[in-house]
There are 2 protein chains.
Amino acid sequence: MNIGEIARRSGVSRSTVSYALSGKRTVSEATRRRIQEVIDELDYRPNAAARALKEGRTRTLGLVIPPAGGRLTYMQLEFVASVLEAAARVDLDVLLSPSGGDHDRSFERIVSGRRVDGVIVMEIRLEDPRVTRLQKAGMPFVTIGHTAQPHETCWVDVDYATLISRCVYHLADLGHHHIALINRSAELLAAGYGPGHRAREGFTAAVEQRAVTGVEFCCADDAPAGEACMEQILDAHPEITAVATINEAALPGVQRALERAGLDVPGRFSIAGVAAKHWAEEFRPQLTAADVPALEMGSLAVDLLIERIAEPNAAPKHRLLAPPISLRSSTAPAFAAP
Amino acid sequence: MNIGEIARRSGVSRSTVSYALSGKRTVSEATRRRIQEVIDELDYRPNAAARALKEGRTRTLGLVIPPAGGRLTYMQLEFVASVLEAAARVDLDVLLSPSGGDHDRSFERIVSGRRVDGVIVMEIRLEDPRVTRLQKAGMPFVTIGHTAQPHETCWVDVDYATLISRCVYHLADLGHHHIALINRSAELLAAGYGPGHRAREGFTAAVEQRAVTGVEFCCADDAPAGEACMEQILDAHPEITAVATINEAALPGVQRALERAGLDVPGRFSIAGVAAKHWAEEFRPQLTAADVPALEMGSLAVDLLIERIAEPNAAPKHRLLAPPISLRSSTAPAFAAP
DNA sequence: TTGTAGGCGTTATCAT
DNA sequence: ATGATAACGCCTACAA
């Protein structure tokens, strides 16, 4: 089914059908209705490829997610969902590319095959070959997280430094003098993963400012690692009474280790962090945390990208989000031995 | 950058470039190399829209996932990841459409806009308007789960009836005489959600065959609902000593309710179910469960779809998977009061 | 071994 | 208010 067939059946020319559809020139009400009837009957819809070829745009966005191997965290998942939703709202389709590195075929297809009008890239590293590639290809893009050259590109990010600082302040205010940071994995940090580095910075700065002692632990993104990490903390640093964390996937394990050690939260041990709201509320007791606004970030990223596609040469825009900390039930004054 | 430019710079005609790329006719080694050099230099890649228009296929698959509102379970997430991976292996892109109902714009764009060569649809209902729509549009598709007319379509599914039966047999063999089924939500069941219905069938049949008593509970897909449901079971049916479940998302809540009730698993209470392996292993103690082979299902679905695209009129193929139950640590002989 | 030319389905310019 | 027509970039039958 194509526009020619619709034209034939409605007894008009193809251009009239096209204009009736786009509204870019006036079409008499009578013919418009006749055309619409035929269209409805055959449920015709313009061929996307032909339109893309002619218009030079695909009405499709690319979303580059971490490679399929690693599991998505709830935060990432929520973000993907919100991008899909925001794109659907403005009638854009989304092509997913699970690629981390540089020479990924699916990534290459998307950028140099002009399959999409713009790209959103998740889980950006401080030095990220994908960003370089997109810049070179002249493909509009927005990143989630930013590189070491933040002023050059469009991005949306969470201000992990500030948020972790706030967690530390909050814990210090409650009388905790020895605080641990449970960061993301050492590999991720070594690879230049921004949130990990910025959490570290915020932690170090806050700890110093409040004159409490702070120890950082790296931890892989899953429950068993969280359990092991928490055990190690309790074992090696019995003086520690509170943790701050950006590693939401480790939380169930952290929780388990504390339970096993017989440490009541928050009576004997406090936890504060940065997490998806859903995750924070599943924690028992519910987690005092900065609720990462993943939903908002997704639609923000889509908005920025659409803007950038429209004006590829405008100055890059960024948004650094620092959501407030939601006080829930996982923090309390430091336990004072009777 | 287009094929004409490559041709110009290599001093050959466009067709020669095209043939050099596709290999569909012999090109002298010398010109082939010259062309390749130019291509590498400009990193040219054929425009996907032009190619799709000419060839009548997009080299893209559609993946219809549950609408963005509801959260994906780990099983679903794993499935999505495996579809992406399987598609990437054969150089196909994947367009995601989050749509449940019938008149979804993104779904319509995909099917009647010829944006994809075929579609994989998740979370099929027994009567599913999307299936009808795809059939009417003549779009090749594979469903995850099947409708009430299973012979008419291609699908991959998990044999929930058999798996839940096996769970019940296992529990009965251990001496449990009163067993509960924690099913998915009542709304889902009412909407004709196949897995829920088949779990029910398998449960009823197995309970009858082993002459034990069985009670079914519906439960929403999240931890709080699981907690409430488990509490209700313990409260209303103190004789029950074991549950079988297909509701993996409820498991953390179930676990919590049992802990709070002071019921050791598996000493005092046994649990067996159907879950993503990851989920089963996160449960404490690790869950005796049929590990849903989500990864395998994804690549199976992609294979079936590719086959169907190639032979749209062949007899529909199906695969009903019944993975074995992995014995872990959540089931034990029924507790005998001393 | 290589070149020429037509058409895939749209949109948009020009003409009526 | 509407029609004819040229292009978008690619592939491929046909010609040389």
Side-chain angles (χ1 to χ4, degrees), chain A residues 1-36 38-39 42-60 91 93 109-117 137-138, chain B residues 1-36 38-39 42-60 91 93 109-117 137-138:
Chain A
M1 191 45 45
N2 61 33
I3 202 172
E5 182 65 14
I6 304 293
R8 206 181 56 67
R9 298 207 192 198
S10 332
V12 296
S13 74
R14 291 177 305 168
S15 50
T16 301
V17 175
S18 177
Y19 283 118
L21 241 37
S22 70
K24 289 187 182 173
R25 100 178 171 192
T26 44
V27 172
S28 82
E29 183 52 25
T31 51
R32 216 197 55 70
R33 216 175 18 242
R34 191 149 33 90
I35 291 170
Q36 192 57 52
V38 177
I39 286 179
L42 307 186
D43 60 53
Y44 159 80
R45 220 163 300 261
N47 178 304
R51 174 181 273 188
L53 178 57
K54 177 61 185 161
E55 293 194 324
R57 67 185 183 130
T58 59
R59 297 164 189 264
T60 304
D91 288 327
D93 287 320
R109 271 200 309 274
I110 283 184
V111 297
S112 43
R114 317 249 130 218
R115 299 211 55 137
V116 299
D117 299 331
Chain B
M1 189 46 43
N2 60 34
I3 203 173
E5 181 66 14
I6 304 293
R8 207 181 54 69
R9 299 207 191 196
S10 335
V12 296
S13 75
R14 293 177 309 167
S15 57
T16 302
V17 175
S18 176
Y19 284 119
L21 240 38
S22 70
K24 289 189 181 171
R25 96 180 174 191
T26 44
V27 173
S28 82
E29 184 52 27
T31 51
R32 214 198 56 69
R33 214 172 23 240
R34 193 147 33 90
I35 291 170
Q36 193 57 52
V38 178
I39 285 180
L42 307 186
D43 60 51
Y44 161 79
R45 219 163 301 261
N47 178 302
R51 174 181 274 188
L53 180 58
K54 175 65 184 159
E55 293 194 324
R57 64 181 186 135
T58 60
R59 297 163 191 264
T60 305
D91 288 328
D93 287 319
R109 271 199 310 272
I110 283 184
V111 297
S112 42
R114 317 250 131 218
R115 298 212 57 139
V116 300
D117 299 332

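Residue numbers start from 1 in every chain, and the chains themselves are labelled A, B, ... in the order their sequence lines are given, proteins ahead of strands. Please read these numbers as outputs of a predicted model, since none were measured by experiment.
Contact between the side-chain N/O atoms of A:Thr16 and the OP1/OP2 oxygens of D:dA1 is not found at any separation under 4.0 Å. Within the 4.0 Å cut-off from OP1 or OP2 of C:dT1, not a single side-chain nitrogen or oxygen of B:Ser28 is found. Distances shown here put a side-chain N or O of A:Thr26 below 4.0 Å from the OP1 or OP2 atom of D:dA1. The phosphate of D:dC10 has OP1 or OP2 within less than 4.0 Å of a side-chain N or O from B:Tyr44. Look at A:Lys54 and you won't find any side-chain N or O under 4.0 angstrom from OP1 or OP2 of C:dG9. A sub-4.0 Å separation between OP1 or OP2 of D:dA4 and a side-chain N or O of A:Arg14 is absent. Not one side-chain nitrogen or oxygen of A:Asn47 sits closer than 4.0 Å to the OP1 or OP2 atom of C:dG9.
For A:Tyr19, the side-chain atoms get nearest to C:dT13 when compared with the rest of C:dT13, D:dC10, C:dG9. Side-chain proximity of B:Val12 to the nucleotides C:dT11, C:dG3, D:dT12 is greatest for C:dG3. Closest to the side chain of B:Ala50, from the set D:dG3, D:dC10, C:dT2, is D:dC10.
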- Quick one: do A:Arg109 and B:Asp91 satisfy salt bridge (Lys or Arg N to Asp or Glu O under 4.0 Å)? Show the steps, please. CA-CA 9 Å; A:Arg109 271 200 309 274; B:Asp91 288 328; 3.1 Å; yes
Q.
Run A:Met1 and B:Ser112 through side-chain contact (heavy atoms from CB on, under 4.5 Å) and show every step you take.
A. CA-CA 9 Å; A:Met1 191 45 45; B:Ser112 42; over 6 Å; no
Quiz item: Does the pair A:Ser13 and A:Thr16 meet the rule for a side-chain hydrogen bond (donor to acceptor under 3.5 Å, both in side chains), with working shown?
Solution: CA-CA 5 Å; A:Ser13 74; A:Thr16 301; 3.2 Å; yes
| message | Could you walk me through whether A:Leu21 and A:Ile39 satisfy the side-chain contact (heavy atoms from CB on, under 4.5 Å) test, starting with their C-alpha distance in whole Å, then the side-chain angles of each, then the deciding distance to 0.1 Å, before giving a yes or no? | response | CA-CA 10 Å; A:Leu21 241 37; A:Ile39 286 179; 3.4 Å; yes
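Going from atom CD1 of B:Ile3 over to atom P of C:dA5 covers 17 Å, rounded to whole Å. The separation between B:Arg32 atom CZ and C:dT1 atom P is 13 Å, rounded to whole Å. Across the protein-nucleic acid pair, B:Arg57 atom CZ and D:dC11 atom P stand 11 Å apart, rounded to whole Å. Atom CZ of A:Arg51 and atom C1' of C:dC8 are 16 Å apart (whole Å). When the C1' atom of C:dT13 is taken as reference, atom NZ of A:Lys24 falls 13 Å away, rounded to whole Å. The distance from atom CD1 of B:Ile6 to atom P of C:dG3 is 15 Å, rounded to the nearest whole Å. Distance B:Ile35 CD1 to C:dG3 P: 8 Å, rounded to the nearest Å. The CG atom of A:Leu21 sits 15 Å away from the C1' atom of C:dA12 (whole-angstrom rounding).
Residue contacts for B:Thr31: at a heavy-atom cut-off of 4.0 Å it reaches the sugar-phosphate backbone alone, with no base atom in range. Within 4.0 Å (heavy atoms only), A:Ser15 reaches at least one base atom of the nucleic acid. Heavy atoms of A:Gly11 sit under 4.0 angstrom from primed sugar atoms or phosphate atoms, though from no base atom.
Of the residues near DNA chain C, B:Ser13 and B:Leu53, the one whose nearest nucleotide (by heavy atom distance) lies more toward the 5' end is B:Ser13. Heavy-atom nearest nucleotides on DNA chain C were determined for A:Arg59 and for B:Glu55, and the one closer to the 5' end corresponds to B:Glu55.
Heavy atoms only, all atoms of each residue included: A:Arg32 and A:Ala20 are closest at CG-CB, 4.3 Å.
Residue side chain A:Arg25 reaches the base of D:dG3 through a donor-acceptor N/O pair under 3.5 Å, judged by distance alone.
Applying the side-chain contact (heavy atoms from CB on, under 4.5 Å) test between A:Val12 and each of A:Ile35, A:Ile6, A:Val27 identifies A:Ile35 as the sole match.
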